[in-house]
Protein chains: 2
Amino acid sequence: MAEQDDGLDERKQQILKAVIDTYLATGEPVGSRTISKYTDLKLSSATIRNEMADLEDMGYVIAPHTSAGRIPTDKGYRFYVDRMMQIMKENSDQIEKKQKDLDKREKELDDMRKFISSKVDKVDDLLENVARLLAKDTNYASMISTPSVKGNKLKFIQLTKLGSGKILLVIVMDGNLIRSKVVEVSEDITQEQILKLNLLLNTTLNGLTLEQMNLALLSGLESKAGQEHGQIIREVMQALIESIQNADHLQIYTSGATNIFKYPELSDSTTASELISTLEEKKGLTSLIKSEKDSSTEDGITVYIGDETPVESMKDCSVVTATYELHDGMKGTIGIIGPRRMDYQKVVETLKTIRTQLDDIFKKS
Amino acid sequence: MAEQDDGLDERKQQILKAVIDTYLATGEPVGSRTISKYTDLKLSSATIRNEMADLEDMGYVIAPHTSAGRIPTDKGYRFYVDRMMQIMKENSDQIEKKQKDLDKREKELDDMRKFISSKVDKVDDLLENVARLLAKDTNYASMISTPSVKGNKLKFIQLTKLGSGKILLVIVMDGNLIRSKVVEVSEDITQEQILKLNLLLNTTLNGLTLEQMNLALLSGLESKAGQEHGQIIREVMQALIESIQNADHLQIYTSGATNIFKYPELSDSTTASELISTLEEKKGLTSLIKSEKDSSTEDGITVYIGDETPVESMKDCSVVTATYELHDGMKGTIGIIGPRRMDYQKVVETLKTIRTQLDDIFKKS
DNA sequence: AATTAGCACTCGTACGTATCGAGTGCTAAC
DNA sequence: GTTAGCACTCGATACGTACGAGTGCTAATT
C-alpha cells in the first residue's frame, strides 16, 4: 500500500498506467478529466491533477505545454514496460484477448505454412515474408536478420572441373545451406588432382564448424595440399578460404518502412527520411542484432525506448527485438521499429509467437 | 523560321526551353520578367508574356494560379525531352560540361572498378552498389533489375549424393551463374544411378538455353529417365524442372528512396509514402522492366513523364529507364525515379555511361 | 488530512482581416 | 510587331481575436 520502489505508490502507478494506456491509444496528451472518467478509481479530476503534478516532478510524465495534458517520458515508458507488463500478463482481461489471439495466431500460422512448403533453399524468401507479415500485422516497421552460420557444421565440399581453367566449388552446410562459386585458375588441373583434393578436404574438414576452420587450419591445409599438388592447388585453396570466410555474410530484410507515416510524430519529413534511409540501407541496423548474452529480458526480448536505442536515427522511436534460434546457438534477430507510443504488449506477444514459429521451422529442417 | 511541327516557331521553342530550364533549376513557377533577363533573346517581359499566353493556350505550360508564373505541363516536358535534348547535345555549352563529365566519369569508373574486382559471383552486390551510386550521383531514387537468364545456356548439371535421401543438385550456366539446391527423395538412390543420370542430363541438356528447356522436353526426359531408373529418379527430375523454372527469378535493387524528400512536390506524406512503398516492395516495379522491343529511343532509353509511367504511384514523377545487356539478348533494366522537373539531360547521360560500363563488365566475364 | 469544487490563468488552434508583392492581361503608345 | 504602363488577381504573411482544453491553486467539504 505504502511507497514502493521508485517511490510510486499503488495509486500513482494506476494513474501512470492510465496515462500511458490512453496515450498509446490516442497519441494525444491526456488530461486529468479524461483519466477521472476512464479509470475505475473513483477520483475527481482535481485529485488526479495533483497526482499527475507529482508524477511530473518525479519525471514519469511531462506536459508539452502549460495547458496541455501529460504524455509519458522515456522513464515513464520504461517503468511501464519493466513493471507493468508482467502484471498485465497475469491479469484477467484475457477473456476477450484469448479469442483475438487465437484468430491472429491461426492466421499467422497459415501464412507461415505456405512458405514452409517452399523449403530451405529459400530461407531468404521465408525471412522476407516474415518481415512483411510482421509489418502488416503490427503497423510498425520490421526487420529480420539472417541467422549466423558461423556455428554451422560443414557437411560436404565438392570441387568439379568445369572446363579450361574453371573449377566449380560447392560447399554444403548443416541445414542444407549451400554456397557455390566458380574459381578461375591459371593452369589446368587434372581430374586426378581434383579427386584427391576432394578427398583431402572432406576428410579433414567434414563436421567442423566454420568457426573451427580458422585461418591456421586452412592455411596449413593449403600448404600441405600445395606441396603435394603444386601451385594451382594453392589457388583453389585460396578461393575456398575466401568462400568460407564470406559464407557468413549477414543479410537484413526490412519491411513496412512506410508504416511510420501512420504516426504523425515520425512523419515529419526529415525524421521520416532519416529513418527510412537507415531501414533502406540496412547497414545501420547491425547494431540491433544481438550477441549471445545481452538478452536483457529472460526470454531474449529487448525493448529500447527512445534514446536507449543504439541506432542514431531512431531516437524518436522505440525498438523491440527478439532473437530466434536456428540450431546450436546460431541466432538471428527480429526487430520492430515504431513510435515511442507503440503497443509494447502486442508487439512483445507477436514477436514471441513469431519467434517460436521460426524456431520450429528451423528445427525441423 | 516559320511555323514548325506542333506549331511552335523558333522563338516559342526558345521561350519554352527557358521556362523549363529555369523551372528545373528552381522548382518554382517562372515569370516573364525572369525570362526576359535570363535569356539572350532581347525581348521585354511584355512580349514574353504574350508568347507565354500562347504557349499556355497550346498546352505546353500552365499557370498554377492567376498571378503566378508558368510551369511546364507534361506536354511541355515531352516536347522538351523529344525535341530539344538532341539539339543541346550537339550544341556548344559543352566546354564547361566536358570537364565536369570527365571528373564524374572518372569517379564512377573508379567506384566501379572496386566492385569488378569482387567478380561474378557477386553480381548482386555489384548491382546493388550501382544502384547506390546512381542514387547518390543524381539525387533521385534508383532501381536496377538483375538481367534475365532465360537466354543463358546451360553449361553443366551435377547431381551428388549427399547422404540418406538427400541429393545435391547444382546447375551452372553461361556467365558462371550457379543455382543449387538440396533435393530430398523418399528412397535412396545408388551411386551408379546418379552417375548415369548425370551423364544423361549433361549430354541432353548441355548448351541449351533455359528457354529451350521447355516443359515438353523436360518431362519427356523425366519419363525416359524414370523408365530406366525408377521412381526416385522421377522425383529428382521433378526437382530439377522446378529449379530450372525458378532459376530466372528476377530481382530488383533500389536505392535512394529518401531522395524524394529533397523535392517538396513529392514530400507530402501520402505521396511519399506510396512512392517509397512501391520502391520498398519492388513488385510494382516490374512494369518498368523492358521487353526487347519497346525501346522508344534508338538507344534503349525511355523517358516517362508524369502520367505516362506505368506505375500508378509514380503519377507525380518522371521515370527514365535504360537497358543494359549481359550477352546475347539478356537484358536488365536500370531506372531513375524523380520529380517531373528532373534534370533529364544529366540523367540520360549518366544512365548512358553507367550502361556502357555495365555492358563492358559483363562482356568480359 | 485527504478530497473536491471553483476559478483565474495559460497557451495552442482556428479563423478572419489587412497588407504585400509577384505576376498577369490588356490597352495604348512606339 | 514590340514595349511601356497600369489595374487587377491571388497566394503568402502577419496579426488580432475568440475559443476551449487543461492546468494550478485556494478554499470549502468530508
Side-chain angles (χ1 to χ4, degrees), chain A residues 1-3 8-16 18-20 22-23 25-73 264-265 268, chain B residues 1-3 7-16 18-20 22-23 25-73 76 264-265 268:
Chain A
M1 192 112 302
E3 304 263 318
L8 286 193
D9 61 29
E10 184 65 22
R11 199 170 71 178
K12 282 200 174 56
Q13 287 195 27
Q14 284 180 307
I15 291 174
L16 177 57
V19 170
I20 296 185
T22 67
Y23 182 67
T26 66
E28 271 164 21
V30 352
S32 51
R33 251 179 76 81
T34 317
I35 292 190
S36 151
K37 284 192 239 160
Y38 172 83
T39 50
D40 1 356
L41 9 97
K42 295 288 178 207
L43 290 174
S44 78
S45 59
T47 314
I48 309 279
R49 271 204 291 286
N50 291 329
E51 293 289 49
M52 291 213 298
D54 290 351
L55 283 173
E56 182 159 13
D57 288 342
M58 297 186 223
Y60 290 99
V61 296
I62 198 171
H65 60 264
T66 325
S67 74
R70 304 305 209 294
I71 62 176
T73 60
E265 40 316 12
D268 142 68
Chain B
M1 191 111 304
E3 304 261 321
L8 286 193
D9 62 27
E10 184 63 23
R11 198 170 70 178
K12 283 199 173 57
Q13 286 193 28
Q14 285 180 305
I15 292 174
L16 178 56
V19 171
I20 296 184
T22 68
Y23 182 67
T26 66
E28 270 164 19
V30 354
S32 50
R33 251 179 75 81
T34 318
I35 293 190
S36 152
K37 284 193 243 164
Y38 172 82
T39 50
D40 1 354
L41 7 96
K42 295 289 180 207
L43 291 174
S44 77
S45 60
T47 314
I48 308 277
R49 271 203 291 285
N50 292 327
E51 293 288 48
M52 292 214 297
D54 291 350
L55 283 173
E56 180 159 14
D57 288 342
M58 297 187 223
Y60 290 98
V61 296
I62 197 171
H65 60 265
T66 324
S67 72
R70 305 304 212 290
I71 61 175
T73 61
E265 59 279 40
D268 142 68

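Remember, predicted model here, so these are calculated numbers, not experimental data. All values below were derived from every heavy atom in this structure, side-chain atoms included, with hydrogens, water molecules and symmetry-related copies excluded. So that the names make sense, note that chain A is the first sequence line, chain B the second, and so on, each numbered from 1.
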- Query: Quick one, which residues of residues 28-52 of chain A touch DNA chain D with a heavy atom under 4.0 Å?
  - Reply: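 Heavy-atom contacts with DNA chain D come from A:Gly31, A:Ser32, A:Arg49, A:Met52.
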Using the salt bridge (Lys or Arg N to Asp or Glu O under 4.0 Å) criterion, which residues pair with [X]? Sequence neighbours excluded.
X: A:Asp54; answer: A:Lys12
X: A:Glu28; answer: none
X: B:Arg33; answer: none

- Task: Scan residues 57-71 of chain B for pairs that pass salt bridge (charged side-chain N to carboxylate O under 4.0 Å, His left out), counting only residues two or more places apart or in two chains.
- Result: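 Matches after skipping sequence neighbours: B:Glu56-B:Arg70.
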Is there any protein nitrogen or oxygen under 3.5 Å from a nitrogen or oxygen in nucleotides 27-29 of chain D, and what are the pairs?
none

- Checking A:Thr34 side chain against A:Val30 main chain: does a donor-acceptor pair fall under 3.5 Å?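 Not a single qualifying donor-acceptor pair exists.
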- Query: So, does B:Ser45 use its side chain to make a donor-acceptor pair with the main chain of B:Ser36 at under 3.5 Å?
  - Reply: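 Not confirmed, B:Ser45 side chain does not pair with B:Ser36 backbone.
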Can you name the side chain to side chain contact (heavy atoms under 4.5 Å, CB included) partners of [X], sequence neighbours left out?
X: A:Ser44; value: A:Ala46, A:Thr47
X: A:Ser67; value: A:His65
X: B:Asp268; value: B:Thr270, B:Thr271

- Heavy atoms, side chains only, cut-off 4.5 Å: are B:Pro72 and B:Tyr23 in contact?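 SC-SC contact between B:Pro72 and B:Tyr23 confirmed.
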- Do B:Leu55 and B:Leu8 have side-chain heavy atoms sitting under 4.5 Å apart?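 Contact flag for B:Leu55/B:Leu8 side chains = yes.
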- Looking at A:Ala68 and A:Ala63, what are the two nearest heavy atoms and their distance?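 Smallest heavy-atom distance, with atoms named: O-CB, 4.2 Å.
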- Item | Heavy-atom pair with the smallest gap, counting every atom of B:Ala18 and B:Thr39 |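 Minimum heavy-atom separation between B:Ala18 and B:Thr39: CB-CG2, 3.5 Å.
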- Evaluate the criterion side chain to side chain contact (heavy atoms under 4.5 Å, CB included) for residue pair B:Met52 and B:Ile15; output intermediate values, then yes/no. CA-CA 8 Å; B:Met52 292 214 297; B:Ile15 292 174; 4.2 Å; yes
Expected rows: protein N/O vs nucleotides 9-12 of chain D N/O, under 3.5 Å:
from	atom 1	to	atom 2	distance (Å)
D:dT9	O2	B:Ser67	OG	3.2
D:dC10	OP1	B:Thr66	OG1	3.2
D:dC10	O2	B:Ser67	OG	3.2

- Message: I'd like the 5' and 3' limits of the part of DNA chain C contacted by chain A, with heavy-atom contacts below 4.0 Å.
- Response: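 It runs C:dT3 to C:dG12.
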- Query: Please walk me through it: do B:Ile62 and B:Ile71 pass side chain to side chain contact (heavy atoms under 4.5 Å, CB included)?
  - Reply: CA-CA 5 Å; B:Ile62 197 171; B:Ile71 61 175; 3.8 Å; yes
- Query: At what angle, to 10 degrees, do the two end axes of the helix from C:dA1-D:dT30 to C:dC30-D:dG1 meet, given five pairs define each axis?
  - Reply: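 It works out to 20° between the end axes.
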